[in-house]
> 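I have a structure here, written as structure tokens, and I will follow up with some questions on it.
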Amino acid sequence: MVEVEGYGAHSGRSAWTEDCRRHNRRLLGGYRSLRFTWEDVLHGRDYVVETLRVAFEQAGVPKARRS
């Protein structure tokens, strides 16, 4: 699971608390999640791609065939 977060969604204490609790529920449900900021997605492409590559590798997802 990948979650992209904007700063505005976490500007209040209750929003941050609910986000942390939702994250914990997902972990307890067996889900791993990677969290990226909106800035990571827009300006940190190499970081996002490398992080996803490592996560897929650790999860045993086979590499896509390349032509």
Side-chain angles (χ1 to χ4, degrees):
M1 176 180 297
V2 173
E3 188 171 348
V4 177
E5 302 182 18
Y7 178 75
H10 300 109
S11 58
R13 181 179 297 269
S14 63
W16 176 247
T17 298
E18 180 52 35
D19 188 54
C20 289
R21 290 177 180 179
R22 183 178 67 244
H23 179 75
N24 290 340
R25 286 191 302 270
R26 288 176 181 164
L27 285 174
L28 293 173
Y31 291 94
R32 290 174 49 181
S33 70
L34 296 171
R35 298 169 72 179
F36 299 101
T37 65
W38 189 242
E39 287 78 16
D40 286 335
V41 173
L42 291 178
H43 306 292
R45 180 180 181 267
D46 292 341
Y47 166 71
V48 172
V49 169
E50 178 63 12
T51 302
L52 291 170
R53 185 194 66 73
V54 170
F56 289 148
E57 185 178 277
Q58 289 178 356
V61 176
K63 292 182 181 180
R65 293 179 121 180
R66 298 179 183 170
S67 43

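In this chain, residues are counted from 1 in sequence order.
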> Could you state whether V54 and V49 fall into the same hydrophobic cluster, counting links through intermediate Ile, Leu, Val, Met, Phe, Trp or Tyr residues with side-chain heavy atoms under 4.5 angstrom apart?
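No; V49 is not reachable from V54 via cluster members.
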> First locate atom CG of L27, then atom CZ of R22, and finally report the distance between them rounded to the nearest 0.5 Å.
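L27 atom CG to R22 atom CZ measures 12.0 Å (nearest 0.5 Å).
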> Is it possible for you to say whether L42 and L34 belong to one hydrophobic cluster, with membership spreading through side-chain heavy-atom contacts below 4.5 Å?
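Linked within one cluster.
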> Nearest 0.5 Å, what's the CG-CG distance between D19 and N24?
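With rounding to 0.5 Å, CG (D19) is 9.5 Å from CG (N24).
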> Of all residues at least two apart in sequence or in a different chain, which pass the side-chain contact (heavy atoms from CB on, under 4.5 Å) check with E57?
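Here the qualifying residues are R53.
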> Has R25 got more than 12 heavy atoms of other residues, nucleotides or ligands less than 6.0 Å from its CZ?
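Correct, the count exceeds 12.
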